[in-house]
Amino acid sequence: MTTSAIIISILYVLCLTSPVATRSVGLVRADDKPGQKWLIPLMFGVSQGLMALIGYYLGKLVSHLFVAEFAPYVVFVMMLVVAVKMFVDSMRILKGKLLYTVSKEWDFILLSIMVAFNTLLMSLMSFCFMPFGQWFFLAMTAAGFLWSFFTVRIEFTPKMPRKLSFIEFSAAVFMVVIAILYLFTDLI
């Protein structure tokens with residue numbers, strides 16, 4: 001991989017897992033047990049990696065349906081679908097939606113699976129686009145863990161939805177740019 005491909009791949013992984021940051025802000029309170037401060041990021045990270053793995057194997061099941069010449073266009077469209085979903089989510093965050101109060105462990109698990117849906121969608125196409133190759137699943141796990149680890153302790157304030165919306169909106173813009181680079185250049 002060239003240096004530019006590595007940088008773009010890192011950006012791609014960070015953008016794809018960015019909804020973790022917007023959903024994990026404020027989930028750990030000061031009175032929570034110390035183990036929860038590690039458990040929540042671990043659940044977010046593992047769910048990103050597992051959804052990537054599930055998407056990869058589901059994608060392999062349907063990969064025979066795609067002609068190799070059309071595969072780049074399918075990946076491009078999927079990236080645009082994920083970017084549009086992230087744009088819509090960023091607007092919903094501004095309106096006060098997609099902000100969660102979670103009280104039970106089961107709720108954390110469900111939330112982490114919901115947040116990993118973008119990863120599942122993009123991993124369906126991983127038979128023709130998988131940055132970092134066999135390390136893709138580990139990269140997704142690490143990125144999900146790190147996003148959550150750094151954001152789960154942030155105190156939620158009334159101004160926070162603007163910042164969270166900006167994170168998701170920026171990730172959506174980068175996804176569109178990466179989709180265009182993927183389709184029209186050989187950088188990736």
Side-chain angles (χ1 to χ4, degrees), residues 9-59 78-79 81-83 85-94 96-126 130-132 134-157 160-172 174-175 178:
S9 296
I10 291 170
L11 278 174
Y12 172 75
V13 168
L14 289 175
C15 290
L16 197 54
T17 57
S18 68
V20 169
T22 61
R23 305 315 189 276
S24 65
V25 169
L27 285 182
V28 172
R29 298 180 311 271
D31 59 339
D32 285 334
K33 298 174 187 171
Q36 280 189 312
K37 293 178 182 175
W38 289 96
L39 182 64
I40 292 169
L42 187 63
M43 281 197 293
F44 275 114
V46 167
S47 67
Q48 290 290 324
L50 281 176
M51 291 296 258
L53 199 60
I54 291 167
Y56 172 75
Y57 284 111
L58 287 175
M78 288 299 290
M79 282 186 179
V81 166
V82 168
K85 181 182 175 302
M86 291 169 75
F87 279 127
V88 170
D89 285 352
S90 72
M91 296 302 122
R92 291 180 71 201
I93 290 168
L94 275 180
K97 299 177 181 177
L98 296 181
L99 302 175
Y100 300 96
T101 55
V102 180
S103 58
K104 301 175 192 158
E105 284 77 16
W106 183 246
D107 294 341
F108 287 122
I109 294 169
L110 289 176
L111 179 61
S112 65
I113 291 170
M114 287 175 12
V115 171
F117 189 70
N118 288 349
T119 302
L120 176 72
L121 284 178
M122 284 313 304
S123 296
L124 288 171
M125 299 298 122
S126 60
M130 193 165 71
F132 302 119
Q134 64 185 9
W135 299 103
F136 178 68
F137 314 111
L138 184 59
M140 294 303 294
T141 302
F145 175 83
L146 290 174
W147 272 119
S148 181
F149 181 77
F150 289 120
T151 57
V152 78
R153 292 175 184 84
I154 296 174
E155 190 69 31
F156 187 82
T157 64
M160 190 58 66
R162 289 185 136 189
K163 294 174 184 174
L164 298 175
S165 179
F166 178 75
I167 289 171
E168 194 131 354
F169 182 83
S170 300
F174 280 119
M175 284 293 288
I178 291 168

For the student: nearest non-hydrogen atoms of P161 and I93, plus distance: O-CG2, 3.5 Å

Would E168 and R23 satisfy salt bridge (charged side-chain N to carboxylate O under 4.0 Å, His left out), going step by step from the backbone distance to the final call? CA-CA 10 Å; E168 194 131 354; R23 305 315 189 276; 2.9 Å; yes

List the steps, then state whether side-chain contact (heavy atoms from CB on, under 4.5 Å) holds for V152 with V25. CA-CA 5 Å; V152 78; V25 169; over 6 Å; no

Which residues pass the ring-ring contact (aromatic ring centres under 6.0 Å, His included) test with F137, not counting sequence neighbours? Y56

Backbone N/O of S90 and side chain of S165: donor-acceptor pair under 3.5 Å: yes

Compare every heavy atom of S18 with every heavy atom of A171, then report the nearest pair and how far apart it is. CB-OG, 3.1 Å

Could you check whether any side-chain heavy atom of F169 comes within less than 4.5 Å of a side-chain heavy atom of M91, counting everything from C-beta outward? yes

Report yes or no: does T17 contribute a side-chain atom to a donor-acceptor pair with the main-chain N or O of V13 at less than 3.5 Å? yes

For residues F44 and F149, determine if any side-chain heavy atom of one lies less than 4.5 Å from a side-chain heavy atom of the other. no

Donor-acceptor pair, distance only, cut-off 3.5 Å: does the side chain of S47 make one with the backbone of S112? yes

Atom pair CE (M175) and NZ (K85), whose distance is rounded to the nearest 0.5 Å: 11.0 Å

Please name all residues satisfying side chain to side chain contact (heavy atoms under 4.5 Å, CB included) with I113, sequence neighbours left out, ordered by chain then number. M51, I109

Whether T22 side chain and P19 backbone form a donor-acceptor pair below 3.5 Å: yes

State whether a side-chain donor-acceptor pair under 3.5 Å links T119 with Q48. yes

Flag, side chain of W147 to backbone of L14, donor-acceptor distance under 3.5 Å: yes

Walk me through it: do F136 and F132 pass the test ring pair (Phe, Tyr, Trp, His ring centres under 6.0 Å)? CA-CA 5 Å; F136 178 68; F132 302 119; 7.9 Å; no

